[in-house]
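All chains are named by letter (A, B, ...) in the order of the sequence lines, taking the proteins before the strands, and each is independently numbered beginning at 1. Please read these numbers as outputs of a predicted model, since none were measured by experiment.
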2 protein chains.
Amino acid sequence: MPPRSRTPAAPRATRPATAHRRDAAATRAAILDAARRHFARAGYDHVGVREIAADAGVTAALVNRYFGSKEQLFAEVLASGFDIGPLLPADRATFGAVLGRFIAAAPRRTPDDQGPLSLLLRSAASPTAGKLLREHIDTHLVGPLAQWIGGDDAELRAALIVSTLAGLGVLRRMVKTSALAGVDEERLGALLGELLDAVVETP
Amino acid sequence: MPPRSRTPAAPRATRPATAHRRDAAATRAAILDAARRHFARAGYDHVGVREIAADAGVTAALVNRYFGSKEQLFAEVLASGFDIGPLLPADRATFGAVLGRFIAAAPRRTPDDQGPLSLLLRSAASPTAGKLLREHIDTHLVGPLAQWIGGDDAELRAALIVSTLAGLGVLRRMVKTSALAGVDEERLGALLGELLDAVVETP
DNA sequence: GTCTATAGAAAGATAGAC
DNA sequence: GTCTATCTTTCTATAGAC
């Protein structure tokens, strides 16, 4: 999921592009996109409505007019959200290898920490955002993963996997611990893959 | 580490216990203790100096007088901190089992989320606190663990273990994902143990 | 549809009285 | 050694002009 361009997707082009865009749908989309990037970068508490608005080329008043409040804006960002589905390989034997490589490479794909995991982690400490996060994680991450794993303890195993990825994200991207800073991507991916397989395959 | 009582430890008892305690050392300790509890409970950003002060029985002005700023107060809380040393078993074969059980039981030991891990996680998103956290994690968690593990990739493995524990904490105590809410402690400890051993023992 | 201006709340920090 | 009072900043949210 690369960051969408700030340019509106496909609005009716009935109006010339003046200083004011005056296209509700496009403006709304721009705000939502800016919000997603900023929330992922800094977390719910550390980004202001002004900042998001400025990035979307509007003022803070308009953000609240469209979304009601900062909290509702965050809720919509989540809803426009993220899903683990596409990451689940058809072949069970390659699970660890595929997911491990994918996660290990994440910082290279989205260097500015704009990924969904950053969004999750950076906002989890907030009482307001945390409430919204819980439901989304259960529905879109743990749930599908548990179903894919199947069998006994599927939910527990799924939660452990998600938590492993979350923890790695915390240390790597938030704390930026030195041991993970310049780590070899291949090596990390391999080790992580073994670990993930251990969770899925343990009797 | 149960929360110390608010009563001063062992000050010179030259002065009667009036409404004002007027014992600098005891007051300082009370503030530090209150700070530790509140930072662990809510994270650096979500607790105010006023709150900590009130809990310690003083006013916000005094907190700043003693510690200079909220940031310096947090730094002292970290310094009075936490260490993984005591958790490392002498016997390598029992590593996963011991640590797994210990972590699985953590919420029961400190139901109010006052443990060091909570402190870490709830403050990791803060730019101010995060800076201080990094050094401490490297020095007091990853470092000792890497030394204990030894061999190739010791630092990477140690970081993976810490991240696993951190991730579990995120999902269990912050997000409170439903799959981990009422989980059987034994089962979680066992599964976690296998996972931890996998990180240490993988070739 | 978008902006300016501002209300209202909360937080960190400081000055100075006692 | 501790408190009261206040300054300053920052943020969300809203009212109303254009």
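Formation of a donor-acceptor pair under 3.5 Å by the His136(A) side chain with backbone atoms of Leu78(A) is found in this model.
Of the residues in residues 65-73 of chain B, Arg65(B), Tyr66(B) come within less than 4.0 Å of DNA chain D through at least one heavy atom, sorted by number.
Val63(A) comes within contact range of no nucleotide atom at all, as no heavy-atom separation falls under 4.0 Å. At the heavy-atom level, Ala61(A) lies under 4.0 Å from base atoms of the strands shown.
Aromatic ring orientation, Tyr44(B) versus Phe74(B): perpendicular (interplanar angle above 60°, classes split at 30° and 60°).
Rounded to an integer number of Å, the gap from CG of Asn64(B) to C1' of dG1(D) is 15 Å. Atom NE2 in His38(B) sits roughly 16 Å away from atom C1' in dA11(C) (whole-Å rounding). In this structure, Leu62(B) places its CG atom 14 Å from P of dT14(C), rounding to the nearest Å. Between the CD1 atom of Ile31(B) and the P atom of dG12(C) there is a distance of 14 Å, rounded to whole Å.
Residue pairs meeting the salt bridge (charged side-chain N to carboxylate O under 4.0 Å, His left out) criterion with at least one member in residues 66-75 of chain B, sequence neighbours excluded: Glu71(B)-Lys131(B).
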| Where do Glu76(A) and Arg28(A) land on the side-chain contact (heavy atoms from CB on, under 4.5 Å) test, with the steps shown first? | CA-CA 11 Å; Glu76(A) 293 226 22; Arg28(A) 213 189 126 92; 2.7 Å; yes
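Of the listed nucleotides (dC3(D), dT6(D), dT2(C)), dT2(C) has the atom at the smallest distance from the side chain of Thr27(A). In the set dT4(D), dT6(D), dT4(C), dT6(D) carries the atom at the smallest distance from any side-chain atom of Arg50(B).
Side-chain contact between Asp55(B) and His38(B) is present, with at least one heavy-atom pair separated by less than 4.5 Å.
Note on Thr59(A): a side-chain N or O is less than 4.0 Å away from OP1 or OP2 of dC3(C).
The side-chain contact (heavy atoms from CB on, under 4.5 Å) test with Val175(A) singles out one residue from Val162(B), Val142(B), Ile137(B), Asp138(B), and that residue is Ile137(B).
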